Amino acid sequence: MPASATARACSNIALIKYWGNRDDALRLPANPSISFNLATLFTETTVAFGGTEADHVVIDGAPAAGEAARRVSVHLDLIRGAAGPPATVTSANNFPMGAGIASSASAFAALSVAACAALGLSKSESELSALARRGSGSASRSVPGGFVAWRDESAYTIAPAEHWPLVDVIGVVAAGHKKVGSTEGHALAGTSPLQAARVADTERRFGRCLQAIETRDFGLLADVIEQDALMMHGVMMTSDPSLLYWLPGTLAILHAVRDLRAAGVPVAFTIDAGPNVHCICEAGAEKAVASTLGALDGVQSTLISGIGGPASVIRPEAEA
Ligand code: DP6
C-alpha cells in the first residue's frame with residue numbers, strides 16, 4: 001500500500017451557480033449547479049501519511065496555518081478517521097489563490113483523490129466527488145471531467161469536454177485574497193430576500209442550460225448564464241451584511257462582453273465570488289475576447305482555458 005500519492009484536479013467555472021446550502025455542515029446545496037472544468041488551471045497535491053507527529057500543510061511553497069490548515073486536517077479526518085496517521089500535504093496551484101478563481105474546488109478535489117490513493121482506498125468517481133464536496137461544495141464538480149452537474153451528494157459528467165469546445169477567458173481585475181470567502185457567503189445567502197426566488201427559479205435555469213449544452217446553442221447559453229450570475233450577485237449584494245465583489249474593472253468587462261456579443265462574437269460573462277470575470281466563448285473567439293479585455297482599464301491580466309478532464313492520480317502511476 002503506497003503511503004504517498006499525488007493527484008491533479010482542475011478548477012471549474014459554474015454556468016449555473018451554487019450559492020447557499022440546505023445543510024451547511026454537509027455542504028448539501030440549496031440548488032443544483034452546472035460547470036465545466038478548466039484544463040489549464042489546476043492544483044497538484046501530494047499527501048504522504050506517516051513520518052510526522054501532526055499534519056503539516058504546505059500551500060504554494062509556504063506552510064499553511066490557521067483556518068486553511070485546519071480545513072485540510074478536518075477533511076483528512078473524514079478519509080483516514082480521526083485516529084488515522086498524520087500527513088504531510090503539499091499543494092501547488094498554477095493560478096492565483098483567493099481571487100474568485102475557485103482554488104478550493106481544485107484543492108479539495110485533488111486532496112480527496114490523493115489522500116484516498118495514498119491510503120489505498122478504492123473509491124468510485126461518485127464517492128470521491130461526494131468526499132470532495134465535504135471540503136468545498138464546488139470541489140464535487142472538479143472530480144468528474146468535462147461538463148458537470150451537481151444536485152445532491154455528488155456531481156456527474158453531463159457531456160465530455162469534446163462535446164462543445166468552449167473557452168473561458170478570465171479577466172483578472174484583482175488577484176489578492178477576497179475579504180469574504182465563499183463559506184461565509186453561503187451562510188449569508190438566506191439573509192437576502194432574493195435568495196428564495198433565486199432558488200425557486202433554479203430548475204428553469206438548470207433546464208435551459210442543459211438544453212443549451214445539449215444543442216450547442218450559444219445564444220441560449222449566453223442568456224441563461226448571464227442571468228444566473230446576475231441573480232447570484234443580486235443575492236450577494238442584498239445579503240445582510242451586503243457582499244459587493246464588483247470593482248470598476250468588473251463592470252467594464254461586463255459592458256465589453258455585451259458589446260462584443262452585439263457585434264457577433266459568441267461570448268458571455270459569468271462571475272464567481274470575486275471581482276474577476278469569466279468570459280465564456282466558443283473556440284476561435286478567445287483571441288478577440290482576450291485582446292478586448294486586455295485593453296480595458298482595471299484589467300490586470302487574462303487567463304485562458306479550454307475544458308478539462310477529471311481529477312486523477314498522477315503519482316504513483318497506475319500499472320498498465
Ligand atoms: C460563487 O465551493 O467555494 O463559486 O463550499 O464554502 O468551499 P465552499 O464554497 P465554494 O462556493 C462556490 C461558489 C461560487 C459558485 C459556484 O462555483 O457554483
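As the structure lists them, so they are numbered: ligands from 1, and atoms in each ligand from 1. Just so you know, these numbers come straight off a predicted model, no measurement behind them. Just so it is clear, the values below take in all heavy atoms, side chains as well, and ignore hydrogens, waters and symmetry mates.
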- Within a distance under 4.0 Å of any heavy atom of Met232, pick out the atoms of ligand 1 and give their elements. 1 (C)
- Query: Distance only, no hydrogens: is a donor on one side chain within 3.5 Å (strictly under) of an acceptor on the other, for Ser4 and Arg315?
  - Reply: no
- Message: For a quick test of reading the model, state the closest non-hydrogen atom pair linking Gly234 to Leu194 and the distance between them.
- Response: O-CD1, 3.8 Å
- Residues Gln227 and Arg204: closest non-hydrogen pair is OE1-NH2, 2.9 Å
- Item | Distance-only donor-acceptor check, side chains Asp168 and Ser305, under 3.5 Å | no
- ligand 1 to His186 polar contact by distance, N or O atoms, under 3.5 Å: yes
- Message: Only heavy atoms of Ala14, strictly under 4.0 Å: list the atoms of ligand 1 that pass.
- Response: 16 (C), 17 (O), 18 (O)
- Message: Does the residue Arg141 have a heavy-atom contact with ligand 1, meaning some pair of atoms that are separated by less than 4.0 Å?
- Response: yes
- Message: Under a plain distance cut-off of 3.5 Å, with no hydrogens placed, do Asn93 and Ser103 share a side-chain donor-acceptor pair?
- Response: no
- Query: Strictly under 4.0 Å, does any heavy atom of Arg71 approach an atom of ligand 1?
  - Reply: yes
- Answer with side chain, backbone, both or neither: which part of Arg133 has a heavy atom less than 4.0 angstrom from an atom of ligand 1? neither
- Among all residues two or more places apart in sequence or in another chain, which pass the ring pair (Phe, Tyr, Trp, His ring centres under 6.0 Å) test with Trp246? His233
- If the plane angle is over 60° it's perpendicular, under 30° parallel, otherwise tilted; pick one for Trp19 and His186. tilted
- Query: If you group Ile, Leu, Val, Met, Phe, Trp and Tyr whenever their side-chain heavy atoms sit less than 4.5 Å apart, what else falls in with Trp150?
  - Reply: Tyr18
- Query: Less than 3.5 Å between some nitrogen or oxygen of Ser33 and one of ligand 1, yes or no?
  - Reply: no
- Is there any N or O on Gly137 that sits under 3.5 Å from an N or O of ligand 1? yes
- Query: Going by the order shown, which atoms of ligand 1 are within less than 4.0 Å of some heavy atom of Ala273?
  - Reply: 1 (C)
- Query: Got a second to check how far Asn21's CG is from Leu26's CG, nearest 0.5 Å?
  - Reply: 9.5 Å
- Message: At less than 4.0 angstrom from any non-hydrogen atom of Ser136, what atoms of ligand 1 do you find?
- Response: 2 (O), 3 (O), 5 (O), 7 (O), 8 (P), 10 (P)
- Mode of Ser104 contact toward ligand 1 - side chain, backbone, both, neither (heavy atoms, under 4.0 Å): side chain
- Message: Pairs of nitrogen or oxygen atoms closer than 3.5 Å, one from Ser182 and one from ligand 1: do any exist?
- Response: yes
- Query: Looking at ligand 1, does any of its N/O atoms fall within less than 3.5 Å of an N/O of Ser138?
  - Reply: yes
